[in-house]
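All of these numbers come straight from a predicted model, not from anything done at the bench.
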Amino acid sequence: MDNKIQLKERDNQPVFRIGLFTGQEHIDFRVMGKFHLEDENGKELLKPMKSDLKWRVKMRDSRPGKEAFFLVLYESFKREDAEKKLEIAKKFDSTAEIMELGGEIYFKDKKINSNLKYVIAAGEYSSEMAARKAFKQFQPDFIPYVEKRQLEAPGGYLEIFDAEYDKSTESANVVRIVPEETPTKTKIFGVRSFDELLQKEHFNDLVYSGVVELRFDIKGNLMGISEIPLEAYLKRVIYSEIGTDLPLEFSKSLAIVCRSEALARVNHKRLGDPFDYGHTGETLRYFGEEFEDENIDKAVDMTAGQVVRNDGHISDTPFHLICGGHTEDAGGMLMDSDNPLLKGKMDSPEPPKKSAGLHKESNARKWILSRPETWCNMKGRELPASLERVKKFFRWEFNYSRRELEDIIRKKTGEDIGILFEIIPIDRGASARLREIELIGSLKNYRIRGQLNIREALAYEYLPSSCFLVERELDDTGTPISFTFVGAGHGHGVGMCKTGAAIMAMEKQNHKKILNHYFESHTIQKAYKL
């Protein structure tokens, strides 16, 4: 197969497509500047104009598409490792195969990275839940996750008109709102979302720079995509990831890390979608809130094009909200566990050379019940509002009644284990994050592998992290009444602790020292010049 990937260019920068929302019946928008409308092939539908009116995009007719789900069982940058794992996978599913993702990445005809990755894919399922139920078929040899492929594209016709119906047009499948200048903002009104936890609809106004593309989602409703040059993308990403009012050196470190992650994961994510990345955090957060922050603008401009490199490749540089005092090894994210760039360490000015041994249950218990003096322990510090909100996750507790937790487990895993008696820790990583647990039930026992799977199976959305202990309240017969999760940190713990990095910057550490602390054996280089 051809593994050459040519990145699209605008304003001398790579361009990325970010999924914003789905499931809309119509879209109302206003552009704060000069713009034109075009179809999916770039053909102009309406000439450049400036309009203070609201516009509407409405479906004239539509048809849904079709998609199928499959499991990714294993991923590696080494073909020989994937081939060895494929032999094991075929014992469980004869259709298992190796897929190649990524490749040789070019920008303006210059090769800037190589990220060819081999993944073992298995099965074809009609829904995400059906795919999740198949996890147990491949455990404990693999830690699957769900991906999807498009079998048939959705489509239809769109009507586009202004509030006075003075200007109007129509387009098949797609309409693109194209500002004449990238900084021009488009406001989208009343975007509907649904809170599964509260069973309540929300309607929000969103603001984005760059091109906004509207097209049909897989169910035949409207979806939105932001198409934007990387440097402009990063400014909104940094705000979405941590907020405002943080030191310049922290924002510089986060800009370099986010730029690296975006370029390192090209064609690795969102395989069944018409965009590169989502907006909610599976890669980088990208929210449609209005904001201004001088340090964010300066940080992106001052580090323009800079990425983290290791062994000649742009590094996938993950980060998380707060590590809880100790970061995790690369294996905590289903990545290459031997990655020398991502070794778990104490998040402190002088991390001890000897391992803290947090993979041992007795040490993990002491650690989680303590409040160690680390960068991300913010006790006694004067904090900006963006960090004050994070403080509660250094150490945290969540409580569920037994019946409530049993219901969550049934909905999340598709398994009815009966009465939940106990949650047994099986395996912990370098930061005490759980990598495998066993649920002891009256009907069956059930093992869950992978930190994200564990966090999702035991909460309405996600537990803050998998670094936790489980405390039970028992009735007179010894049956649990409730379960309390006592935990540390928020996120997978791999790579840079955003909170620790922000505190380092507040303590006058520059961005290079911050990156040296979290990523070993790296260099900072320019992937492209503006």
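Looking at Glu104 and Ser114, their side chains do bring a donor and an acceptor atom within 3.5 Å of each other. For the residue pair Tyr239/Glu292, the side-chain donor-acceptor check at 3.5 Å is not satisfied. Side-chain contact of Asp245 with Ser386: a donor-acceptor pair under 3.5 Å is absent, judged by distance alone. For His36 and Glu38, the side-chain atoms include at least one donor-acceptor pair closer than 3.5 Å. There is no side-chain donor-acceptor pair under 3.5 Å between Ser171 and Tyr157. Neither side chain, Glu328 nor His492, offers a donor N or O lying under 3.5 Å from an acceptor on the other. A donor-acceptor contact closer than 3.5 angstrom links the side chains of Glu75 and Tyr145. Lys108 and Asn12 share a donor-acceptor pair across their side chains, judged by distance under 3.5 Å alone.
Side-chain contact check for Leu383 versus Lys391: some heavy-atom pair is nearer than 4.5 Å. Counting heavy atoms from C-beta on, the side chains of Val300 and Arg259 come closer than 4.5 Å.
Judged purely by atom type and a 3.5 angstrom limit, Asp61 has no side-chain atom pairing as donor or acceptor with the backbone of Gly156. Checking side-chain atoms of Thr303 against main-chain N and O of Gln306 turns up no donor-acceptor pair under 3.5 Å. At least one donor-acceptor pair under 3.5 Å links the side chain of Lys412 to the backbone N or O of Glu456. Although no hydrogens or angles enter the test, the distance criterion places a donor-acceptor pair under 3.5 Å between the side chain of Ser260 and the main chain of Val308. Looking only at distances, a side-chain donor or acceptor of Glu404 sits under 3.5 Å from a matching main-chain atom of Ser401.
Aromatic pair Tyr208/Tyr286: centroids less than 6.0 angstrom apart. Here the two rings, on Phe398 and Phe485, have centers that are 6.0 Å apart or farther. Tyr118 has its ring centre no less than 6.0 Å from the ring centre of Phe77. Between Tyr74 and Phe142, the distance separating the two ring centers is not shorter than 6.0 angstrom.
Here CG of Leu284 is found 6.0 Å from CD of Glu241. Values are rounded to the nearest 0.5 Å. For the atom pair OG of Ser226 and CZ of Phe275, the computed distance is 11.5 Å after rounding to the nearest 0.5 Å.
By the 30° and 60° cut-offs, the orientation of the rings of His490 relative to Phe393 is perpendicular. Between Phe29 and Trp55, the angle of the ring planes stays under 30°, which puts this pair in the parallel group of the 30/60° scheme.
Taking the ring axis of Phe70 as reference, the NZ or CZ atom of Arg149 stays within 45° of it and closer than 6.0 Å to the ring centre. Both cation-pi conditions hold for Lys54 and Phe189: the charged atom is under 6.0 angstrom from the six-membered ring centre and inside a 45 degree cone around its axis.
Environment of CD in Glu294: sparse, with no more than 12 heavy atoms of neighbouring residues, nucleotides or ligands closer than 6.0 Å.
For the residue pair Leu222 and Asp217, the shortest heavy atom distance occurs at O-OD2, 4.0 Å. For Ala262 against Leu230, the heavy-atom pair with the smallest separation is CB-CD1, 4.1 Å. For Ile177 against Pro179, the heavy-atom pair with the smallest separation is O-CD, 3.4 Å.
Screening His320, Arg433, Gln451 for a side chain to side chain contact (heavy atoms under 4.5 Å, CB included) with Ser465, the sole residue that qualifies is Arg433.
A salt bridge between Arg270 and Glu147 is absent, with no side-chain N of the basic residue lying under 4.0 Å from a carboxylate O of the acidic one. Under a 4.0 Å N-O distance rule, the pair Arg176/Glu40 does not qualify as a salt bridge.
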